[in-house]
Protein chains: 2
Amino acid sequence: MASGRFAMAVHALALLAQDGDGYPSAYLAGSVNTHAVFLRRVLARLARAGFIEAREGRGGGYRLARAATDIPLSEVYREMEPEGPLTASPCDPNPRCPVGAGMRSAFAATAEVARSGLEQALARQTVADVARRALRPPTQKKKEKRT
Amino acid sequence: MASGRFAMAVHALALLAQDGDGYPSAYLAGSVNTHAVFLRRVLARLARAGFIEAREGRGGGYRLARAATDIPLSEVYREMEPEGPLTASPCDPNPRCPVGAGMRSAFAATAEVARSGLEQALARQTVADVARRALRPPTQKKKEKRT
DNA sequence: GGTGTCTGTAACCGTGACGGTTGCAGTAGT
DNA sequence: ACTACTGCAACCGTCACGGTTACAGACACC
């Protein structure tokens with residue numbers, strides 16, 4: 001399910017965090033290295049979620065609707081990947097098997113724990129953090145003492 | 001990326017946790033409600049990782065190689081989904097953009113944090129936990145007070 | 001008002017992963 | 001030898017993803 005949509009959204013948001021002028025989708029697409037139309041599909045979801053604002057017409061473009069420091073990545077993830085990291089059941093288990101019968105709910109609980117753990121980890125980072133890290137040249141990568 | 005492989009692996013492991021006789025893939029496939037050959041593709045990876053053992057020939061089948069209480073779901077996840085929950089870069093960002101240039105490493109750090117959070121959450125559950133929960137009839141679902 | 005620049009959206013397609021299916025070789029009990 | 005298994009390769013249908021084109025609506029500028 002993951003599929004780059006989240007990555008693209010984060011990239012676009014970090015781009016918009018640079019300054020508040022408002023960028024057209026063509027410009028953003030140039031940096032993300034994708035196509036403007038597809039990017040707009042992602043941006044439309046971000047706009048619907050209230051992260052960004054779109055101004056139509058000549059001179060229009062996209063701009064952040066909230067401060068970059070006020071957009072935790074967990075919210076972006078939730079918006080872009082509502083199903084969570086673990087696909088529950090592409091095929092339902094056999095209900096006639098005693099284990100299979102209770103398996104769906106048992107796995108759903110596991111999936112919920114996993115999603116919660118992932119979102120808590122993402123909640124500690126904001127769009128501003130990613131934007132700052134992207135600009136900070138990682139010439140020396142001695143930052144990763146924390147495993 | 002998720003894609004049910006992890007769910008299938010957990011289901012099969014929970015099934016094998018019932019008792020140590022050894023079950024043929026056809027039996028497991030019956031409960032998981034999939035096909036024996038595809039299940040064996042999953043089981044082969046579990047065997048290579050050392051979670052289960054396969055005995056060929058007549059009367060053979062699969063059995064746990066370690067105690068069910070000694071198989072945390074985080075290890076199973078790592079084996080089945082080595083790429084983690086966040087696909088890093090289906091398309092590389094434009095290196096000529098100052099933000100795009102540092103974006104890959106910046107997002108990689110985010111993805112690493114996310115994967116770590118997810119695995120830590122999964123590390124708190126074992127195959128035995130899932131097996132027990134699957135057998136425990138969820139007639140009353142008052143367990144979910146924790147949001 | 002007309003024009004050009006933008007977003008919004010629908011439609012279509014190529015690609016690739018995923019899951020299903022068949023077939024066959026190898027192994028081991030009986 | 002026969003039978004019941006695993007192991008593995010090959011093939012196929014399906015579907016989400018991303019790319020692409022086309023067009024309608026909105027808005028600034030002349």
Side-chain angles (χ1 to χ4, degrees), chain A residues 1-9 11-12 16 21-30 32-49 51-65 80-94, chain B residues 1-9 11-12 16 21-30 32-49 51-65 80-94:
Chain A
M1 295 298 157
S3 76
R5 284 201 308 264
F6 174 69
M8 206 174 297
H11 190 147
L16 293 177
D21 269 36
Y23 292 111
S25 64
Y27 174 83
L28 300 175
V32 185
N33 202 24
T34 183
H35 297 261
V37 178
F38 179 55
L39 225 199
R40 268 179 283 179
R41 283 200 277 246
V42 173
L43 293 170
R45 299 179 67 164
L46 293 176
R48 220 178 310 133
F51 298 132
I52 63 177
E53 287 172 346
R55 212 176 46 200
E56 301 182 7
R58 178 168 181 157
Y62 295 91
R63 43 179 298 196
L64 291 184
M80 302 312 290
E81 314 285 352
E83 300 208 7
L86 264 45
T87 67
S89 56
C91 60
D92 322 73
N94 186 348
Chain B
M1 292 301 156
S3 77
R5 284 202 308 264
F6 174 69
M8 207 174 297
H11 190 146
L16 293 176
D21 269 36
Y23 292 111
S25 64
Y27 174 82
L28 301 175
V32 185
N33 202 24
T34 184
H35 297 260
V37 178
F38 179 55
L39 225 198
R40 268 179 281 179
R41 284 201 275 244
V42 174
L43 293 170
R45 300 179 65 164
L46 292 176
R48 219 177 312 134
F51 297 133
I52 63 176
E53 287 171 344
R55 213 176 45 200
E56 300 182 9
R58 179 168 181 156
Y62 295 91
R63 43 179 297 195
L64 291 184
M80 302 312 289
E81 315 284 352
E83 301 208 7
L86 264 47
T87 67
S89 56
C91 59
D92 322 72
N94 186 347

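Chain naming here is simple, since letters A, B, ... match the order of the sequence lines and numbering starts at 1 in each. Being a predicted model, the structure only gives us computed values, none of them experimental.
- Considering only heavy atoms from C-beta on, A/Arg5 comes within 4.5 Å of A/Arg45 through its side chain.
- You'll find that the side chain of A/Phe38 is closest to D/dG19, out of D/dG19, D/dC17, D/dT6.
- Between B/Arg5 and C/dC18, a side-chain N or O to OP1/OP2 separation shorter than 4.0 Å is present.
- Contact of the B/Val42 side chain with the B/Thr34 side chain is not registered, since no non-hydrogen atoms from C-beta on lie closer than 4.5 Å.
- Residues A/His11 and A/Met8 form no side-chain contact, since every pair of their non-hydrogen atoms from C-beta on lies 4.5 Å or further apart.
- Look at B/Thr34 and you won't find any side-chain N or O under 4.0 angstrom from OP1 or OP2 of C/dG19.
- The separation between B/Ile52 atom CD1 and D/dT6 atom C1' is 11 Å, rounded to whole Å.
- In this structure, B/Met8 atom CE and C/dC18 atom P are separated by 11 Å, rounded to whole Å.
- Between B/Leu64 and B/Phe51, every side-chain heavy-atom pair lies at or beyond the 4.5 Å cut-off.
- The shortest distance between side-chain heavy atoms of A/Met80 and A/Leu46 falls below 4.5 Å.
- Looking at heavy atoms from C-beta onward, A/Tyr62 lies out of side-chain contact with A/Arg55 at the 4.5 angstrom threshold.
- With rounding to whole Å, A/Arg63 atom CZ is found 17 Å from C/dC6 atom P.
- For A/Val37, taking side-chain heavy atoms from C-beta onward, the closest of the listed nucleotides D/dA22, C/dT30, D/dC27 is D/dA22.
- When distances are taken from the side chain of A/Pro24 to each of C/dT7, C/dG29, D/dG7, the shortest belongs to C/dT7.
- Contacts between residues 39-49 of chain A and DNA chain D, defined by a heavy-atom separation under 4.0 Å, are made by A/Arg41.
- Residue A/Tyr27 places none of its side-chain N or O atoms closer than 4.0 Å to OP1 or OP2 of C/dT5.
- Considering only heavy atoms from C-beta on, A/Ile52 stays 4.5 Å or farther from A/Arg63 through its side chain.
- A straight line from CD of B/Glu56 to C1' of D/dT6 spans 5 Å, rounded to a whole angstrom.
- Put simply, OH on A/Tyr62 is 18 Å from P on C/dT5, counting in whole angstrom units.
- Atom CZ in A/Arg58 sits about 7 Å away from atom P in D/dC29, given to the nearest Å.
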